[in-house]
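So the structure is just underneath, and the comments pick up after that.
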Amino acid sequence: MTQLTILRYPDPRLHTVARPVVQFNAPLRELAGAMFQTMYEAEGIGLAATQVDVHEQLLVIDVSEAHDQPMVLINPEIVWSSPETRTGDEGCLSVPGIYDGVERSLAVKVEAFDLDGKRRVIEAEGMLAVCIQHEMDHLKGKVFVEYLSPLKRNRIKTKLIKQLKEEARDAVA
């Protein structure tokens, strides 16, 4: 399977709103497999198709330490979220090395399809609930830094642009 390239903030493609998946077929399964490989290689717990420049409503998640609980959510929709919230540090594979507090619901109930096109209902809490909300934001074209103040967001953007320039310069040298 091919490892995919993860878009990095502030790449404007991260703000593309994903289209619903309409075909549950071999290319979709191959994409999901490549996304899992990419996510595991990057030591992440979730990855949205938007982050690999595929703008369809597909995300992969595995919050287990042993990487043995892979979950695929296609066309996910939050049908209930707890009124109780918590602010916790979040990171993102598209915003490497940056962590900051984001307020999220403690629990969510999500309806989504699996790779065979079967509707599933997932009730999640804790880390899984946070991860689902975070990855679903990507499908709406939103990156977690947009929850932060404009000052913090601009500092992060400046830092990441500088990193990208240094990496490009090092690649040429």
Q.
Testing the 3.5 Å rule here: is there a donor-acceptor pair between the side chains of Gln57 and His138?
A. no
Exercise for review: For residues Met136 and Leu59, determine if any side-chain heavy atom of one lies less than 4.5 Å from a side-chain heavy atom of the other.
Suggested key: yes
Q: Report yes if some heavy atom in the side chain of Val102 is under 4.5 Å from a heavy atom in the side chain of Gln133; otherwise report no.
A: no
Discussion item. Tell me whether Lys109 at atom NZ has more than 12 heavy atoms from other residues, nucleotides or ligands lying less than 6.0 Å away.
Written reply: no
Review point. Looking only at side chains, do Glu103 and Thr85 share a donor and an acceptor under 3.5 Å apart?
Key: yes
Quiz prompt | Side chain Asp137, main chain Val143, donor-acceptor under 3.5 Å | solution = no
Thr38-Gln3 side chain donor-acceptor pair, cut-off 3.5 Å: no
message: In this structure, would Val130 and Ile132 fall into the same cluster of hydrophobic residues linked by side-chain contacts under 4.5 Å?
response: no
Original post:
Would you call Asp114 and Arg29 a salt bridge, using N to O less than 4.0 angstrom?
Top reply: no
query: Is it the case that more than 12 heavy atoms not belonging to Glu125 sit under 6.0 Å from its CD atom?
result: no
ask   = If we only count heavy atoms from C-beta on, is the Phe24 to Ile74 side-chain gap below 4.5 Å?
value = yes
Can you confirm whether the side chains of Tyr40 and Asp62 place a donor and an acceptor under 3.5 Å from each other?
yes
Is the shortest side-chain N to carboxylate O distance from Glu135 to Lys140 below 4.0 Å? no
Leu73 and Ile122: side chain to side chain contact (heavy atoms under 4.5 Å, CB included), yes or no, with the steps? CA-CA 9 Å; Leu73 301 178; Ile122 296 106; 3.3 Å; yes
Count the heavy atoms belonging to other residues, nucleotides or ligands that lie under 6.0 Å from CD of Glu43, then report whether that count exceeds 12. no
Q | Side-chain heavy atoms of Gln51 within contact of Met35, under 4.5 Å | A | no
ask   = Do Val145 and Tyr9 come close enough that some side-chain heavy atom pair is under 4.5 Å?
value = yes
